[in-house]
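Encoded as structure tokens, the structure appears first; notes follow it.
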Amino acid sequence: MSNPSLLILPGDGIGPEVMAEVKRVIDWFGDKRGLAFDVSEDLVGGAAYDAHGTPLTDETMAKAQEVDAVLLGAVGGPKYDNLDFSVKPERGLLRLRKEMDLFSNLRPAQCFDALADFSSLKREVVAGLDIVIVRELTSGIYFGEPRGIIKEGNERVGINTQRYTESEIDRVARSAFELARKRGNKVCSMEKANVMESGILWREVVQKVHDEDYPDVELSHMYADAGAMQLCRWPKQFDVIVTDNLFGDLLSDAAAMLTGSLGMLPSASLGAPMANGRPKALYEPVHGSAPDIAGQGKANPIACILSFAMALRYSFDQGDEAKRIETAVEKVLADGLRTADLIGEEGVEPVSTRQMGDAILAALDASL
Ligand code: IPM
Ligand code: MG
């Protein structure tokens with residue numbers, strides 16, 4: 001049988017730097033664990049726009065549809081701020097999500113013990129935190145029609161539409177309940193049913209899926225604004241949070257800060273199973289392209305490396321090997337290694353992206 005295939009899309013800003021470390025980790029698994037991948041690489045975002053005038057070519061899109069998993073770095077940057085909306089770097093990422101139909105976006109927020117004092121919240125609030133936000137990723141206000149900027153009388157109107165079908169809510173709810181069963185068996189669904197019809201439907205469908213097929217999972221509902229407050233007040237009350245595309249975007253950035261740095265958070269975007277049984281999948285760090293520090297070797301590669309760990313777990317059924325990476329990360333953090341985003345303690349010199357990669361590889365070696 002041929003090796004499983006990976007398409008690497010480093011993208012813009014710090015994307016290529018952090019992805020360089022991921023590539024070394026991938027090679028390590030080929031050399032040391034007999035887990036070899038067929039890796040190809042291509043452009044996305046501003047990098048693709050610079051080369052081809054589009055943030056994602058049809059060829060790259062077709063490749064993404066064929067491989068077993070896509071690993072993406074980050075897209076965007078100030079250089080592209082004035083581009084037409086249709087060719088902005090972000091459109092490349094959104095096209096991948098939409099055309100691969102990656103409706104279920106898993107964003108874990110886990111607080112590594114070594115970083116508990118680094119969060120802006122008190123240690124007791126975040127220590128041991130382990131929650132997952134399941135964000136609907138292919139619908140809602142990100143994609144709803146009508147949209148645009150239109151002329152009305154003598155002024156312009158910006159329009160976006162929040163829209164959810166029952167089946168879209170149903171499938172993401174199922175993925176949240178399935179995930180909860182493998183964890184703390186608890187789901188909290190967040191919407192704004194007090195002001196939005198789409199929220200009313202969201203709540204009804206999530207409840208119905210629960211009652212019919214997942215009565216064993218504990219389900220609660222919260223308005224998303226109250227949810228944001230509870231996430232900061234006592235995040236450990238949650239296990240799995242399921243929410244729509246826009247609320248998930250906001251809540252996951254907030255949850256990221258609970259863990260100390262946005263530079264720590266991986267994500268998996270999953271779709272329906274392919275013919276080989278693996279889900280369509282794209283893995284990417286939650287952080288962006290961080291243009292302010294790009295090219296300086298300062299970026300934290302951990303979120304991107306942990307995203308590859310999620311690929312091992314969710315696409316390749318290698319949960320133990322995923323754990324091996326997570327344990328290696330835990331170890332280097334416990335040893336005191338910090339990239340610049342994690343510097344808070346006095347007298348700690350930051351390490352470079354490459355040095356953090358070196359340390360994680362050394363910890364992987366030590367795990368054998
Ligand atoms: C994210 C990002 C994206 C989003 C951007 C880059 C399009 O913020 O993945 O959270 O809004 O979904
Ligand atoms: Mg975001």
Side-chain angles (χ1 to χ4, degrees), residues 9-16 18-19 43-49 54-56 61 64 70-81 83-109 131-144 147 158 160-164 168 172 190 224 227-228 231 241-259 261-271 281-292 294 299 303-304 306-307 310-311 341:
L9 303 173
D12 307 323
I14 60 170
V18 294
M19 197 58 88
L43 302 174
V44 71
Y49 177 81
T54 167
L56 187 76
M61 186 64 240
V70 178
L71 297 182
L72 187 137
V75 294
K79 181 175 164 199
Y80 309 105
D81 280 352
L83 284 185
D84 186 73
F85 186 73
S86 64
V87 290
K88 275 195 186 296
E90 290 78 4
R91 302 311 303 170
L93 174 57
L94 293 170
R95 179 174 177 201
L96 282 164
R97 290 174 178 173
K98 186 69 177 174
E99 291 191 23
M100 292 171 76
D101 203 16
L102 306 171
F103 61 88
S104 177
N105 179 214
L106 276 38
R107 299 191 158 190
I131 64 177
V132 182
I133 295 182
V134 178
R135 167 187 176 193
E136 199 291 324
L137 202 60
T138 51
S139 184
I141 202 161
Y142 270 58
F143 296 99
R147 65 183 299 163
N160 290 94
T161 302
Q162 166 83 335
R163 183 178 190 280
Y164 271 107
E168 286 168 343
V172 74
M190 296 188 188
L231 256 184
I241 293 172
V242 64
T243 189
D244 76 14
N245 205 341
L246 184 61
F247 293 142
D249 183 41
L250 305 177
L251 293 169
S252 62
D253 265 30
M257 267 329 281
L258 305 173
T259 70
S261 169
L262 203 50
M264 299 293 303
L265 262 79
S267 81
S269 304
L270 306 174
L282 179 147
Y283 299 88
E284 56 173 323
V286 172
H287 65 67
S289 59
D292 52 323
C304 206
L306 290 176
S307 298
M310 288 188 90
D341 57 308

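Ligands are counted one by one from 1 in listed order, and the atoms in each one are counted from 1 as well.
Ordered by chain and residue number, the residues placing a heavy atom less than 4.0 Å from ligand 1 are Glu90, Arg97, Arg107, Arg135, Tyr142, Asp249.
Sorted by chain and number, the protein atoms of type N, O or S within less than 2.8 Å of the Mg ion (ligand 2) are Asp249 OD1.
In this structure the side chain of Cys304 reaches within 4.5 angstrom of the side chain of Met19, judged on heavy atoms.
Atom-to-atom distance recorded for Ile141:CD1 and Asp244:CG is 8.5 Å, nearest 0.5 angstrom. Between the CG atom of Leu72 and the OG atom of Ser267 there is a distance of 9.0 Å, given to the nearest 0.5 Å. Of the inter-residue distances, the one linking Asn245 atom CG with Leu250 atom CG reads 10.0 Å to the nearest 0.5 angstrom. Note that the CZ atom of Arg95 and the CE atom of Met61 stand 6.0 Å from one another [nearest 0.5 Å]. Here the OG1-CG distance, from Thr243 to Leu251, works out to 5.5 Å after rounding to the nearest 0.5 Å.
With a 6.0 Å cutoff to the six-membered ring centre and a 45° limit on the axis angle, Arg135 counts as a cation-pi contact of Tyr142.
None of Glu284, Met310, Met100 except one satisfies the side chain to side chain contact (heavy atoms under 4.5 Å, CB included) rule with Ser269; the exception is Glu284.
For Leu137 against Leu102, the heavy-atom pair with the smallest separation is CB-O, 3.2 Å.
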